[in-house]
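Some notes on the structure that comes next.
Only a predicted model underlies this, so the values are computations on that prediction, with no experimental measurement involved. Whatever order the structure lists them in is the order used to number ligands and atoms, beginning at 1.
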Amino acid sequence: MSIADNIKSLKKETGSGVTLLAVSKTKPAADLQEAYDAGQRLFGENTVQEMVEKYEQLPKDIEWHLIGHLQTNKVKYIAPFVSMIQSVDSLKLLHEINKHAEKTGRIIDCLLQIYIADEETKYGLGFDEAIELLRSDEFATLNNVHIRGLMGIATNTDNEKQIRDEYYELKTFFDGIKQSYFRKIDTFDTLSMGMSSDYKLAIEQGSNMVRVGSTIFGNRVIKHWKNN
Ligand SMILES: *Cc1c(COP(=O)(O)O)cnc(C)c1O
């Protein structure tokens, strides 16, 4: 199946209430162009360098989402154009994003990345840390970032029950956070969970944005995302 076919069948399968983010890390610009020509506009990258390179080569109406760990010293390179930063995992990072957004006269959409997996290697805020961030005095002063929701990565396992439980917990947390901190804010609306191996389980548990790479573009040969 072609990239265009893969996107078409994914969209049909996930339905209109779920946004499809095409995760294009490690793939050449030509592959992204093919997806673009099939109507795809949202692309996810996990490194700043790759995102900047592709941004320069590809059509300017693409919406770029950063989904990998972001170092504070690299925020400045993507602040002028990034559409959403899904991997916010500290107040310090959010502060830095705010600073560069302000410099470029933008308000940058962000998701808080919540740690839900039973693995040591994954970045993210714990439930308590996310609440602490939202309650902090400093957060209240950050006018150039816009928290649109939460993102999570489930454990890399064949155990469907475990994955389902982790996504269920994140959805429950999302609903609680919305109720407590964003009740009157309609734009707190994005729950990004699910990738190629588990997007069906994620949607079943309430995801409204899936981040799908290999099912669209084929397997990544060189690097595994966990090693980036
Ligand atoms: C790579 C990556 C994905 C997509 O993974 P696939 O298994 O190729 O669909 C989704 N989310 C994050 C955070 C990633 O790094």
* Asked: Closer than 4.0 angstrom: is that true for some heavy atom of T215 and an atom of ligand 1?
  ->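 Outside the 4.0 Å threshold, so no.
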* Asked: Heavy-atom contact under 4.0 Å between R220 and ligand 1?
  ->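 Yes; R220 lies near enough to ligand 1 that a heavy-atom distance drops under 4.0 Å.
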Looking at [X] and [Y], does any basic side-chain N land under 4.0 Å from a carboxylate oxygen?
{"X": "E50", "Y": "K25", "value": "no"}
{"X": "E102", "Y": "K99", "value": "no"}
{"X": "E13", "Y": "K200", "value": "yes"}

* Asked: Which ligand 1 atoms, with their elements, are less than 4.0 angstrom from a heavy-atom of S196?
  ->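 What qualifies from ligand 1 is 6 (P), 7 (O), 8 (O), 9 (O).
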* Subset of ligand 1 atoms that lie under 4.0 Å from at least one heavy atom of V212 ->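 Selected atoms, number and element: 9 (O).
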* Asked: Using a heavy-atom cut-off of under 4.0 Å, does the side chain or the backbone of I153 touch ligand 1, or both, or neither?
  ->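 The answer is the side chain.
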* Asked: Would one find an N or O of R211, backbone or side chain, under 3.5 Å from an N or O of ligand 1?
  ->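 Min N/O separation from ligand 1 is below 3.5 Å for R211.
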* Asked: If you round to the nearest 0.5 Å, how far is OG1 of T47 from NE2 of H69?
  ->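 If we round to the nearest 0.5 Å, H69:NE2 and T47:OG1 are 12.5 Å apart.
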* To do: Hey, could you give me the CG/CE distance between L125 and M151, rounded to the nearest 0.5 Å?
  =>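 The CE atom of M151 is 11.0 Å from CG of L125, to the nearest 0.5 Å.
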